[in-house]
Amino acid sequence: MTYDAERKMQFLFALRSRGLTDSRVLNAMEKVDRGAFVRGIFAERAYDDMPLPIACGQTISQPSVVGLMTQALDVRPRDKVLEIGTGSGYQAAILSHLARRVYTVDRHKRLVREARLVFESLGLNNVTAFAADGSHGLPEQAPFDRILVTAAAEDPPGPLLAELRVGGIMVLPVGQSDTVQSLIKVTRHETGFDYQELRPVRFVPLLEGLGQDG
Ligand code: SAH
């Protein structure tokens with residue numbers, strides 16, 4: 001299945017109907033072919049607005065959720081962005097069109113390896129993927145202007161808050177269980193953090209340590 005003009009139009013129409021209005025985000029999503037990030041039998045559903053299975057028992061998020069999270073993150077062209085939860089690499093690829101520099105971290109080495117190959121094949125050379133437990137962030141590259149977490153924690157992890165620049169924004173799902181989670185936008189001020197609840201979402205959990213299955 002190819003990401004042709006008609007499919008792009010339908011894809012963008014679906015995103016707009018879900019509340020995506022930011023033209024920079026829509027342009028970035030138009031550029032990134034989701035089909036490059038989905039393998040096997042699910043490839044033919046790549047342009048549907050639904051999450052799909054990827055390797056290591058993980059999922060590539062629903063495009064409209066990717067779009068709304070990216071919109072909430074309000075990325076500026078000079079920004080250095082950290083994503084926790086590389087997964088397929090789709091979200092990082094979209095961020096790479098909006099930011100100066102993107103770092104993305106996943107606890108599964110295999111996902112990081114595969115995502116790197118896709119970034120390379122798409123010529124995205126401002127994204128770097130690392131295999132690590134992202135709940136500690138990426139201290140050696142901190143501070144970040146923007147942080148996006150695509151796995152759910154009970155609370156915003158302290159190290160990630162610490163690695164956010166003053167004036168910076170972090171968007172993340174938080175929740176006590178797999179079923180009840182909220183998307184939260186955290187803004188760092190000179191004197192503390194401001195928390196805004198955006199919408200209900202459902203993400204895989206943020207787990208500790210590296211994945212055992214490669
Ligand atoms: N953003 C991805 C979807 C992410 S799915 C995409 O665009 O395709 C969530 C990912 O978070 C999974 O790949 C999972 O391995 C990863 N993850 C969970 N806990 C983690 C942790 N502590 N550190 C890094 N990655 C983690």
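Both counts, for ligands and for their atoms, begin at 1 and track the order of listing. This is a predicted model, so every value here is computed, not measured.
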Near Glu120 CD, under 6.0 Å, is it more than 12 heavy atoms from other residues, nucleotides or ligands? no
With side chains defined as the heavy atoms from C-beta onward, is the minimum distance between Leu15 and Arg18 less than 4.5 Å? no
Are more than 12 heavy atoms from other residues, nucleotides or ligands located less than 6.0 Å from atom CD of Glu140? yes
Residue pair Ser135 / Arg107, side-chain heavy-atom distance below 4.5 Å: no
Any protein N/O atoms within less than 3.5 Å of an N/O atom in ligand 1? List the atom names and distances, or say none.
unit_1: ligand 1; atom_1: 1 (N); unit_2: Glu83; atom_2: OE2; d: 2.9
unit_1: ligand 1; atom_1: 1 (N); unit_2: Gly85; atom_2: O; d: 2.9
unit_1: ligand 1; atom_1: 1 (N); unit_2: Thr150; atom_2: OG1; d: 3.2
unit_1: ligand 1; atom_1: 7 (O); unit_2: Gln91; atom_2: N; d: 3.0
unit_1: ligand 1; atom_1: 8 (O); unit_2: Ser88; atom_2: N; d: 3.1
unit_1: ligand 1; atom_1: 8 (O); unit_2: Ser88; atom_2: OG; d: 2.6
unit_1: ligand 1; atom_1: 13 (O); unit_2: Asp106; atom_2: OD2; d: 2.7
unit_1: ligand 1; atom_1: 15 (O); unit_2: Asp106; atom_2: OD1; d: 2.7
unit_1: ligand 1; atom_1: 19 (N); unit_2: Leu207; atom_2: N; d: 2.9
unit_1: ligand 1; atom_1: 22 (N); unit_2: Asp133; atom_2: OD1; d: 2.8
unit_1: ligand 1; atom_1: 22 (N); unit_2: Leu207; atom_2: O; d: 2.5
unit_1: ligand 1; atom_1: 23 (N); unit_2: Gly134; atom_2: N; d: 2.7
unit_1: ligand 1; atom_1: 25 (N); unit_2: Arg107; atom_2: N; d: 3.2

Pair Gln91-Thr150, side-chain hydrogen bond (donor to acceptor under 3.5 Å, both in side chains): steps then yes or no: CA-CA 9 Å; Gln91 170 77 74; Thr150 62; over 6 Å; no
Just verifying a value: how many Å separate Arg199 CZ and Leu183 CG, rounded to the nearest 0.5 Å? 7.0 Å
